[in-house]
Amino acid sequence: MAAPTRRFVRPVVTRSRVVLEMAEYLADNNEWPYQQARVHLRPQGGDAPGVTLFGSDSHEVIDLVARGEVQLAIINPAAPLTLAVRGAGPFKEPIPLRAIAVIPSADAFAFAVREDTGIRSLADIKARKYPLKVTLRGQRDHANHFLEREVLRAYGFSYEDIIAWGGEVRYDPGLPSGVST
């Protein structure tokens, strides 16, 4: 779609730009707790459905796009979208969505244990019913938790099993590096 030719500034555009600039300023401020944007654009007045854009880190955005509540979303990490499109993991059938762009990032996803546990694989955890003390990202709807649960499920156990074996599962704020989420 070609960019529209500007003829004159309209008040609806001015108001929207001011609101978007305020949102940009607030989202850029790490002291401000509300940094995840969900933007709804609609025609001036009336109840037309419009378009909703969402910069998300929750796998739940997949269902929002599939239902048409959100028209364009960013999900990080992208692996849950891959499972949804393929109808794999918890998705019983393919969901008709498409990735139209990928933004490279320095994300890391790892399962790690101390060497002295003797654990050499995820399968060892289940076989030994090892009572791990697990610390996870505090944001409970983050897509990483979706992936973690799917990986553990593939190995035949869950966080609930780890707790039943005498372990602990904590959701801590921030990231291991000390960077806030």
Side-chain angles (χ1 to χ4, degrees), residues 27 29-38 52-70 72-181:
N29 179 351
N30 285 331
E31 301 300 316
W32 179 254
Y34 310 111
Q35 293 181 302
Q36 193 169 76
R38 184 172 178 168
T52 301
L53 316 171
F54 194 2
S56 181
D57 55 9
S58 172
H59 68 283
E60 294 168 349
V61 76
I62 293 168
D63 290 329
L64 293 174
V65 174
R67 288 194 308 264
E69 293 177 36
V70 171
L72 179 82
I74 295 173
I75 182 172
N76 181 24
L81 177 60
T82 301
L83 293 174
V85 168
R86 292 180 180 165
F91 300 98
K92 304 300 179 212
E93 57 188 51
I95 297 178
L97 302 175
R98 295 294 174 259
I100 59 173
V102 176
I103 302 169
S105 65
D107 283 349
F109 190 84
F111 293 89
V113 296
R114 287 192 341 250
E115 185 178 6
D116 64 3
T117 63
I119 294 172
R120 299 182 58 84
S121 69
L122 288 169
D124 284 351
I125 296 170
K126 180 182 179 193
R128 294 175 52 193
K129 297 186 178 185
Y130 198 91
L132 290 173
K133 291 186 178 176
V134 180
T135 182
L136 302 169
R137 184 181 211 144
Q139 182 186 338
R140 290 179 183 253
D141 69 342
H142 196 278
N144 280 343
H145 298 317
F146 169 86
L147 294 173
E148 294 155 6
R149 287 188 303 272
E150 284 304 300
V151 169
L152 296 183
R153 186 177 67 80
Y155 280 89
F157 69 101
S158 67
Y159 287 130
E160 291 75 17
D161 292 324
I162 291 172
I163 293 167
W165 301 332
E168 175 186 353
V169 177
R170 292 188 345 224
Y171 291 85
D172 295 327
L175 299 171
S177 65
V179 177
S180 295
T181 55

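Just so it is clear, the values below take in all heavy atoms, side chains as well, and ignore hydrogens, waters and symmetry mates.
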- So how far is it from D57 CG to I74 CD1, rounded to the nearest 0.5 Å? 11.0 Å
- Message: If I compare all heavy atoms of L83 with all of G89, which pair ends up nearest, and what's the gap?
- Response: CD2-N, 4.3 Å
- Item | Pair listing, salt bridge (charged side-chain N to carboxylate O under 4.0 Å, His left out) test, anchored in residues 117-135, at least two apart | none
- Task: Heavy atoms only: give me the nearest A84-I62 pair and the separation to one decimal.
- Result: CB-CG2, 3.8 Å
- Message: Working to the nearest 0.5 angstrom, can you tell me the gap between T82 OG1 and L97 CG?
- Response: 11.0 Å
- Residue pairs involving residues 86-97 (criterion salt bridge (charged side-chain N to carboxylate O under 4.0 Å, His left out); sequence neighbours excluded): none
- Say you draw a straight line from OG of S58 to CG of L64; how long is it, rounded to the nearest 0.5 Å? 8.0 Å
- Note on the structure: With sequence neighbours left out, the residues meeting ring pair (Phe, Tyr, Trp, His ring centres under 6.0 Å) with Y130 are none
- Query: Which residue pairs pass the side-chain hydrogen bond (donor to acceptor under 3.5 Å, both in side chains) test when at least one of the two sits in residues 145-154, sequence neighbours left out?
  - Reply: H145-E148, E148-Y159, E150-R153
- Message: Rounded at 0.5 Å granularity, tell me how far CD1 in I75 sits from NE2 in H59.
- Response: 8.0 Å
- A27: partners by side chain to side chain contact (heavy atoms under 4.5 Å, CB included), with sequence neighbours left out: none
- Message: Using every non-hydrogen atom in the two residues, find where G156 and D161 come nearest and quote the distance to one decimal.
- Response: O-OD2, 4.3 Å
- Query: What pairs of residues pass the ring-ring contact (aromatic ring centres under 6.0 Å, His included) test when at least one of them lies in residues 80-105, not counting sequence neighbours?
  - Reply: F91-F146
- Message: If you compare all heavy atoms of I95 against all heavy atoms of A66, which two are closest, and at what distance to 0.1 Å?
- Response: CG2-CB, 3.7 Å
- Who pairs with A73 by side chain to side chain contact (heavy atoms under 4.5 Å, CB included), at least two apart in sequence or on another chain? F54, V61, V65, V70
- So CZ of F157 and CG of L152: to nearest 0.5 Å the spacing works out to 4.5 Å
- A143 to P80 - nearest heavy-atom pair and separation: CB-CG, 4.0 Å
- Task: Just jot down the side chain to side chain donor-acceptor pair (under 3.5 Å) partners of N144, sequence neighbours excluded, or say none.
- Result: none
- Task: Identify, with sequence neighbours excluded, every residue that meets ring pair (Phe, Tyr, Trp, His ring centres under 6.0 Å) alongside F111.
- Result: F109
- Item | Derivation of the side chain to side chain contact (heavy atoms under 4.5 Å, CB included) call for Y155 and I125 | CA-CA 9 Å; Y155 280 89; I125 296 170; over 6 Å; no
- Message: Taking side chain to side chain donor-acceptor pair (under 3.5 Å) as the definition, give me every residue that meets it alongside T135, ordered by chain and number, with sequence neighbours left out.
- Response: D172
- Query: Could you state the interatomic distance from CH2 (W165) to CG (L132), rounded to the nearest 0.5 Å?
  - Reply: 8.0 Å
- Note on the structure: Residue pairs meeting salt bridge (charged side-chain N to carboxylate O under 4.0 Å, His left out), one or both in residues 61-70, sequence neighbours left out, come to R67-E69
- For R140, all residues meeting salt bridge (Lys or Arg N to Asp or Glu O under 4.0 Å), sequence neighbours excluded: none
